[in-house]
Structure formats: C-alpha cells, structure tokens
Amino acid sequence: MQISTRTGPRILAILGPTNTGKTHLAMERMLAHTTGMIGFPLRLLARENYDRAVAKVGKGAVALITGEERILPKTARYFLCTVEAMPIAKQVDFLAIDEIQMCADPERGHVFTDRLLHARGRSETMFMGAETIRPVIRKLVDNVEFDRRERFSTLTYNGAKKIQRLPAQSAVVTFSAQEVYAVAELVRRQKGGAAVVLGALSPRTRNAQVEMFQNGEVEHLIATDAIGMGLNLDLNHVAFAAMKKFDGKFNRGLTAAETAQIAGRAGRHMNDGTFGVTGNLSGIDPDIIEQIEEHEFEPLAKVFWRNARLDFRTVGALQKSLRRRSDDPTLILAREPVDEIMLDHLARNEDVARIATAPDRVQLLWEVCQIPDFRNIHTDAHPRLLTSIYRYLAKPGSKLPIDWLGEQILRLDRYDGDIDQLSSRLAGIRVWTYVSHKHHWLEDANHWQERTRAIEDKLSDVLHERLTQRFVDRRTSVLLKSLKDKSELMSTITANGEVQVEGEFVGRLDGFRFIADETDAAFEGKAIASAARRALTGEIAQRVKQLETDEDDKFAVNGKLEVLWNGSSVGVLKKGDTVLSPEVQVIDSEFFDGPTRERVRTRLQNFVNAHIETRLKMLTRLRDCQLSGPIRGLLFQLNEGLGCVPRSELESLVKDLSDEDRKALAKLGVRLGVETVHVLDALKPDPVELRGILWAVARELEALPELPPAGRTSVPNDRANSKGFYLAAGYMPVGPLAARVDMLERFAALLRQKARENDGKVRPDPDLLSLLGCTVEQAEGVFTALGWRAEVTKVKKSELEAKEADKKAEESAKETKPEAEKAEAETSDAAATEAKADAPAEEAAPAEAKAEPAEVAADASAEATSETPAVETDADGDELVEVKYFVRVDRRKRGGGQNRGQRGPRQEARGGGKGGPKGKGGNRPNQGGKGGRGGKPGGGRNHAPEKANQINEDSPFAKLKEMLEAKG
C-alpha cells in the first residue's frame, strides 16, 4: 500500500545505539496486534525472529518472506520479511522497519527510503534505528513520535591487542573473505579455532557458525561487517583488523556511525563491552572513539531515493524514470543499483531490444533485472543468465523450460571441492532459489523450490563442515566447552599410549615422555594439561616397574644412538671410559624425580652392557684375556678400533710377535692380513651395526652414518665418511672404493700370487675384479692405493691371440672334468687363497700354480684392441699392441750372481739382480742358479753354461728380449 506520509495512525521512531532492545520491543508490539509485519535488513535476522515468533504463537500463524525463502501458511497473521521482499500491499495492523538508518546506504538505501515514505500499518507503524536518522524522519514523515533508547551496558575502547592475546568471547572484524580466512587460520593455530561469518554465506551456514560460537565450542568469531546488523551475539570484545572497506566503487574509511554499529555488538544486555584494534593497526581516531563511547554521531542530512512511479512504455522510458531526481533535496538519487546496471547491460543486447517493445515486455525485463547477483563475481556471467531467462519468458505464455532449468540446477548439485568452490555453488543455487519463488515463471514452482532449497541446505551444511575442518580444532572446541561446565576434567590413557581428556585425544605417552598434540599449544588454560598429567603420574610409576622387570628382548639400541624400550626411546648412549663401555643418559621426563631416574638408568645400563657382551663377544674376550707383551698392546689397539685396524698402524707390534703370540691370536679369531689386522667374526652384519653405533658414540656424534649394505664386498668411498667409520663397519678405504676387509685381504693375496706367476706384473683380470665387485677404472685406483703403478709394454698381437686361443682350450678342458673333481679342485683353490690372505706379508709363500700366459695374453689383446690408436709393427713386420700391467712401486731391480737360488720368497716374487735392462724389470727371461746374467754376449769371467730350460723362442718374452738386445 502507498499511504500519504501526512495522514495515518500512530507512527513511532525508536532510536538509539545497539543493545537497547529496539528489535525486542518491535516483536512484542507486533504480537500484541492481531496482524503484523516487520522488515529486516538481513534474511538471517528475518529467519531468527521468525523462529522466535513461531515459538510464541505457533507455526501456522507466522510467515517468512525473503527473496530466497517463502513460508506462507494459509492462516498466517504475522509476516517476518527482508525489507525488499515485504508485501507492502498487504494490510496489517502493525508494521515495522528495522535498521531504518540504512536509508543512507549507497546500494540498498533507496529501498529503505521507499518503506519509510510509503509502508504503514493500519494501527501502528514503527521505525527502529540509529539516532542519526532522526532529522531525516522528522523532515519526511509527519506526526512521528520519537523515543530515544539508551544502551543497557557501556561500551569502552581498550586499545590494540595482538590476536593471540584477545580475550575469550571476542570478534575480529575485517572486510574481505580472504582476510577473514587468514585471520581465522591464525586464530586456529593460536587459540584452537574460530567461527566465521561473512555476508556471502547462506543464512543456514552463518547460523551454524554463530551457533558454534554461542554454545562455547569456539571462543572467537571472525567476521565482516555482516555482524553489525542485528546479530544477537554474546560478545565481550570487538577488535577491528581493518578500518577500511570496499563499498562497491572505492576503498574508504569507516565512518564513526559504521564503526559504532559494528563495535556495538560487544556487550549483551547488561554486560559491558569493549572494542579496539588488533596489533597490525595503530588505533582508532580519538574523535571517533569519543563519538562511539558517547553515542553521539553526526546526524544524517540526506538519504538515497529512487522513483517508485516507473514508466514501462519503452526501455528508454523506464531508464529515464529510474533516473528521475526528487524535488526534495533530502532525497538524493541512488548510486547505480545493481538492477539498473543489469537493465542497461541487457538493453544494449540486440535480441533483448527487439523483444522489449511493449509495456508488458518492458515490465518483465525490469523484473528479470532485479534477480540478485549473489555470486557477485563482476563478470558478464550474470547478465548472460538474465538474458537467457528473459528470452524464454518473453515468448507468449512461456515459462522457463524444464530441461534447461534442470540442467542449470544440476551443475550446482555437487558437494566436492574447497571452501571457495562450495561458496560459489552456494551463491549460484541461491539465484535459482530466488527464481523458484516466481510462480508465474515456472511450471510446478513448488517442486523447484523444494529442489533448490534442498541443494542450498546441503551445500550450506557441507560448507559449514569445511569451514569447521579448516578453522576449528574440533577436539579443542569440545574440551573448551567441557572446561566451562566442569571444575575437573576426566583423563584416561589407552592401551597404545594415547592420552585422552574428556574422551578427546590430547597427546600420547612415548616411553616416559608426554608428547602433546601439536594443536595443544592453543590452550591458554592449564586445566587440560593438569588433567592429562594426573592420569600420567600413576601410569609412569607402573611403567618404571615394568621396565625394571622386563627381559632384555624388550630393549634395543638404534642408529640414532638411542636406547629403546618396547620401541620407545627412553635413553641415549654417551661416550664412556672405553669404546666398549658407553654410558646411558635417561631421556628427560617431567614425571621423574632423582631416585626414579636412577632406577631407569641402572636398568638401561645393565641392558647395554649385556647387549655389548652378547653381540661383540669376539671383542670383549680380547679385552678380558690375560696376555702380556706385544700381543697385549695389539689387542688393546684392536679393541679400540672395534676389531679392525690398518696393518700399517700395528706394524711395529706385529714384528715383535712370537710364534706363540701368533697362535694365540689365531685362537682368538684375529687375522694378521696384509692390509689390516681384524677379527673375522666381527664382520658379520649384526656385530657390524653395533660396532658402528659404538664408534659413533665414542666420537660423540648425534647419529650413526648410513652403513654399507649387508653383503656388499665394496662400496664407493664417500669422502664425507672418515676412515675410522669404514673400519668400524669392516671396510678399508682403498682409492675410489671402501672394500670389505676380508675380501680386500683375498684380493691382496691373489694380487701377490699373480705377480709371482707373471714376473712381478699384474693385470686387472676378471677374477681380481670380481673379488671387490669393481670396474677396471675403479681397479686402477685400488692398485694405486695398494702401492702399485701402471706400466705399458708392447707385445706381438699374433702371440697374444695364440695365447688367448690356448686359454680358451684350457678352459674348455676344465669344463669336461667330472663334477666331483671340479668341486674338489675349487675347494682346494679357495682354501689356498684364504690361507694366503691370512698370512703376513713377509711370510707369503711362493705360488705353486704356474703362470698362465694365455690368460694374460687374452686380456692384453682385448685391451690393446680397444686402446691402441694406430697399428705399429716391429722390425719383422709383426703388429705390436700395448699392454698395461701394474708393478710394485718399491720393486727392486733384478739381482743375479751365485746366490740367486738363495733368495727368499719376496725376492723371488719380485725378481732381483743386477744387469739387464732397467725400468722394465719384468721383461727379462727367467734365469736360475749361478752364472750367466744375460746382457752382453760372452757373459763374465766365470761364464756358466746355459740352463737346460731355455726360453721358448716363440714366446713373446723371447721376441721382446731380441728387440731389447737389438736396441743395445
């Protein structure tokens, strides 16, 4: 109805700050009449007061009318509405408009102004709002009675506070969704959780979030200025995280009245409230603070208005009538409302312009343009949607196609995705919820209302769950609520060590340490922590008793140098008097006193001692045996080296060992190798790990470096690891590799054997490489590290090929031997090789096996084929190839004379004597006995007859000799 502002029944203006009971008074007055209607600024407030009215007078007597929801019982007498959705043509006894100062809002003010001017109740009309609207109401409405209400409680400014120091029951206000989410995440980490309220949320989601705050599940609310409009909250404090907002066109500062509207949410009924800013802001202007505390603001002089008498003859006429200005200077033209922007956009569309040529088509276009853009995405998506809707409806007698409508709604019937995706779908379905209430647009409008309402509710619930999951520690909220209701909290410990307070997980007991769940930092109160400790005190005492009586199989040590009990760390190994006697330090526990800690330490120390005695018996018996002299010093060094020491470090002690000492060492499992002195049993995987742990403890490291994989004969020599670490692990660094010491000794023994068989020269044959599992390139570094150098010799290719053929024939013959004979031969060879590996260097015996020139020749030929860049021939035209050998660096020159047959095994292996060509010591024919030295023809004064065993004239060595003699 449109009633003159100069006539009519009683009109009341109830003005004053927040928390003055204005809305409560309006509800009481409405229910005192037979019929009534109240318009609210928010759908949320309309729904809240609808529920209050239903509780008092019954569901059949109350209607709810908003743009997206309509509950209209046939017997309804009271109507709770949003201001835009009020059916003003309906006659009611009482009519009220809440937050009437919204007449000055740039976006929606013209709607409130229209209701101020034209909406009236038959018996009584009431406007509720801020005192600032008084001059406007007095000027625009006759016969108004003003009633100023004072605030029930005081509102005081208390400055800036960091978010983590905000008191309970606080709201933090900022002005964008991104900022709300960022602050909520910070509060979750600091305080355990927060509820969020944004204008973009559906009323159902906002209600669920507010309810979570109201019932004490969380103590903080993060919101936009949406909380400033009549939300009844039990707030004690409002903190502004920002003092500027985007009003649709500009970023501007809040006015004093806007700030007061939001800050006034603090303090409920008779409870005083405070307001302030968060730590990122310096404060609020003192003049604004004074106005808020005194509730005195600059009165409004103008309000927004839009012409309600529209001209629908043409689209142009409609646009012109919407832009008509009022003759009253108090009423200023609304600033491009969204519906007018949509009208301008659609009017430029050729198809729409061609259709909207009659008044009814223009009126329909205007109705379509008033569909709210809940998505607010500022793209052409909403205008395109409105264009499609208008095209369908503009056809004579047409309604929206069911298939098309169903497809549009089906796209939004999804519940996966993050908060932003759910919010976008929720905004989209709210558009269709609004459309579904346009009965003349749809077939079976009730069906679509139910369908869209169900999707909106489901999306709202899922969004609430997502918000809660992201911004609320649910366990924290439950505990905080329980803490409010009880003086003491119930705590328990589960069988797997989880600590629960009031049935909620708060941490776990690991050994004797209580490890609080990471979110427990959110608790400011000490009650929850003390409740957990009460449950743990008795449990710790029982665990100490259990530890003392448990068998050793319940304990272990690990690479982190920890002592474990039932898989939990209870102690740490520390350096002791010797490497085999580390000490145990008990891990700190707030539940231990001095005697309890010592009881735990004693039990752990006993385990560690027994563990070392059992696993490293081969070393502890070295420590405990009663021997004297050089062997005692050697055993001490071997113990300190955890069973493996380089031979070079013990050479002086080894030389002084007697035969009895050597036998005693053999009985103790000690091997005197060429490169190392080691205890063979200590190389097994289990002792190796414990040896590595003890080595790391003795060096006061924080953890054991990664050990070589079990079973590997060699690993790359990582320079980051020390030589001592490799020795403790049973490996010896040799050039690019770290070789397992037992295999290294076998390698060195085979190396010496091949040198004896090949006149002091060795090639990296496959049988050598296989012992260490290395490549030819790696083997060269190993040879160098062991004291060998490379030398290159030229030999005839034909002779190498002949020897390769001989080698293949010999190998083929071996394959035809009976299986038993082969096995016996292999066993014998392995035993011989191991015996040589165990023998000291100075006691190495001459090899019984003969040299195999064919094998050497074959390898030399293969290498020559790959390494020789060009063909080279000798004087006879035979093709020559280069063959790389390795020789000892300290190899003596070949010796001769009468005493050659008296040389020891080392000299025999090296080949000594005077005369002959230098530098290629291995390239002389083998000579024995007394006499001839070779070299010049004629020999010496006592020239002895030639040896019966002459050099084969076809051998490469004979040809090489001829070449050398030819060169002089």
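Along the sequence shown, residues are numbered consecutively beginning with 1.
- Under the 4.5 Å side-chain criterion, counting only non-hydrogen atoms from C-beta, Ile540 is in contact with Leu509.
- Partners of Phe40 according to the ring pair (Phe, Tyr, Trp, His ring centres under 6.0 Å) rule, which considers only residues two or more places apart in sequence or in another chain, do not exist here.
- With contacts defined as side-chain heavy-atom distances shorter than 4.5 Å, the pair Met126/Lys22 does not qualify.
- At least one side-chain heavy atom of Leu80 sits under 4.5 Å from a side-chain heavy atom of Met27.
- Arg204 and Asn207 form no side-chain donor-acceptor contact under 3.5 Å, judged by distance and modelled atom types alone.
- Residues in residues 279-289 take part in no salt bridge (charged side-chain N to carboxylate O under 4.0 Å, His left out) pair, two or more places apart or across chains.
- Atom CD1 of Ile222 sits about 9.5 Å away from atom CZ of Phe213, to the nearest 0.5 Å.
- Side-chain contact annotation: His464 with Gln209, donor-acceptor N/O pair under 3.5 Å present.
- Remark: Glu498 CD is packed, more than 12 non-hydrogen atoms of other residues, nucleotides or ligands lying under 6.0 Å away.
- Geometrically, Arg543 does not engage Phe512 in a cation-pi contact, judged by NZ or CZ lying under 6.0 Å from the ring centre and within 45° of the ring axis.
- Between Ile292 and Leu155, the closest side-chain pair of non-hydrogen atoms falls below 4.5 Å.
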So Glu258 and Arg252, salt bridge (Lys or Arg N to Asp or Glu O under 4.0 Å) or not? Walk me through it.
-> CA-CA 12 Å; Glu258 289 172 328; Arg252 61 173 179 80; 2.8 Å; yes

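- Checked by atom type and distance alone, the side chain of Gln101 pairs as donor or acceptor with a backbone atom of Ala130 at under 3.5 Å.
- Aromatic pair Tyr181/Phe471: centroids less than 6.0 angstrom apart.
- The CG atom of Asp234 lies 11.5 Å from the CG atom of Leu221; values are rounded to the nearest 0.5 Å.
- The residues Asp416 and Arg425 are annotated as salt-bridged, a charged nitrogen and a carboxylate oxygen being separated by less than 4.0 angstrom.
- Proximity of a side-chain donor or acceptor of Arg115 to a complementary backbone N or O of Val83 within less than 3.5 Å is detected.
- Dense packing is recorded around CD of Glu145, with more than 12 heavy atoms of other residues, nucleotides or ligands lying under 6.0 Å away.
- The line from CZ of Arg470 to CD of Glu465 is 16.0 Å long, rounded to the nearest 0.5 Å.
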